[in-house]
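Heavy atoms only: backbone and side chains are in, while hydrogens, waters and symmetry mates are out. So that the names make sense, note that chain A is the first sequence line, chain B the second, and so on, each numbered from 1.
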Protein chains: 2
Amino acid sequence: MVAESDLNTGLLLFLPYRALENRIFARLAEAGFDDFTPAQARVMQRIGPNGTRLTELAEQAQITKQTAGFLVDQLEKAGYVVRVPDPTDKRARLVCLAEKAASAQRIAAAVVAEVEKEWEAHLGSRRMKQLREALTLLREITDPWAEPS
Amino acid sequence: MVAESDLNTGLLLFLPYRALENRIFARLAEAGFDDFTPAQARVMQRIGPNGTRLTELAEQAQITKQTAGFLVDQLEKAGYVVRVPDPTDKRARLVCLAEKAASAQRIAAAVVAEVEKEWEAHLGSRRMKQLREALTLLREITDPWAEPS
DNA sequence: TGACACTGGTCAGAGTCTCTGACTACTTTG
DNA sequence: CAAAGTAGTCAGAGACTCTGACCAGTGTCA
């Protein structure tokens, strides 16, 4: 009985995701960025280059805005983000990445590149390309925030 | 500038995973299985047909055995699992799925099948096959518990 | 066999994450 | 302008997770 790949697709997606996240986290901690948590990172990851509103962060991370506010508070105390007034709406503030976060993001990007290279070595470049292609396509029907092509 | 797929692979994996998990959860709640949490479900998902030790569940879910014990306590109270003595080791107990959990798993499996069908309709069967193939291969280097082929 | 290291699991305590509900301030709509 | 809606906060509670300390049973090896 060959049990090959009768694993459900959800777990199949989750396993490499977790492996990648773990790698990033470990490297970041080595580099001294050990004063934020995974939950905070998942929010920080979604902040755009021009800043993003709290509510939007909450929606994309699928958490309540209260939770998002709580996490952004921590990130602000730790110096990873700043909140600036939104010029277009006096109720709102834009959460922006501080330089400290940009440094961390550069490291994270390097780890992603490294891991992707390992994956490509294991899969072969053709299969790796197919994987990214399929996932990108899948995003259209699984990510409510995907830009329409 | 075509921004297509410059999203990092981690997020690309995570998005469909989350979409699937959400669908399963929603359907389970509809069916009356609303007395367990995502964290509990992630542990329950890993219980094998012959029962699994707490320590092993903890390792695979990458949580401490204390946390795993806490979650299994909840699941036991809610009637989803039972703990039976491990005949091969007097220290250990095997966490086993109760009938209630088996019913829930059947529903979950149906939702997975349904979602996979949708994905296949969107990607085409060739690309869907390639996706599962790539992910299965990737498991070899991202899942410490992957059975060697 | 008997000491010793190891493993499966629990208890206690603390910190983090997340939610619901209620509220203020500002914006949009008719 | 009044009503409805949106951005964000405050307060309180429940859920998740961890570290550290511990007990009981197992494996090893002189």
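Among the heavy atoms of the strands, none lies under 4.0 Å from B:Glu56. Residue A:Arg83 is classed as a sugar-phosphate contact, given heavy-atom separations below 4.0 Å to backbone atoms only. Within the nucleic acid shown, A:Thr67 comes within 4.0 Å of at least one base atom, counting heavy atoms only. Counting any heavy atom pair closer than 4.0 Å across all strands shown, B:Glu59 reaches no nucleic acid atom. Residue contacts for B:Gln74: at a heavy-atom cut-off of 4.0 Å it reaches no nucleic acid atom on any strand shown. Within the 4.0 angstrom heavy-atom criterion, no nucleotide atom of any strand lies near B:Asp86. Note on B:Thr37: only backbone sugar-phosphate atoms sit closer than 4.0 angstrom, heavy atoms only; bases stay farther off.
Comparing A:Ile63 and A:Asp89 against DNA chain C, the residue whose closest nucleotide sits nearer the 5' end is A:Ile63. Position along DNA chain C of the nearest nucleotide to A:Phe70 versus A:Lys90 favours A:Phe70 as the more 5'-ward residue.
Distance B:Leu54 CG to D:dG25 P: 17 Å, rounded to the nearest Å.
For A:Glu76 and A:Tyr80, the side-chain atoms include no donor-acceptor pair closer than 3.5 Å. A donor atom on one side chain and an acceptor atom on the other are found under 3.5 Å apart for A:Asn22 and B:Gln62.
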* For B:Leu123 and B:Gln130, run side chain to side chain contact (heavy atoms under 4.5 Å, CB included): C-alpha distance rounded to whole Å, both residues' side-chain angles, the deciding distance at 0.1 Å, then the answer. => CA-CA 10 Å; B:Leu123 294 181; B:Gln130 289 170 354; over 6 Å; no

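Here the closest heavy-atom approach between residue B:Ala101 and residue B:Met44 is recorded as CB-SD, 3.9 Å.
Note that CG of A:Leu12 is 5.5 Å distant from CZ of B:Arg132, once rounded to the nearest 0.5 Å.
Aromatic ring centroids of A:Phe36 and A:Phe25 lie under 6.0 Å apart.
Helical stems of DNA chain D (runs of at least 3 Watson-Crick or G-U pairs, donor-acceptor distances under 3.5 Å) are listed by first residue: C:1-30 with D:1-30.
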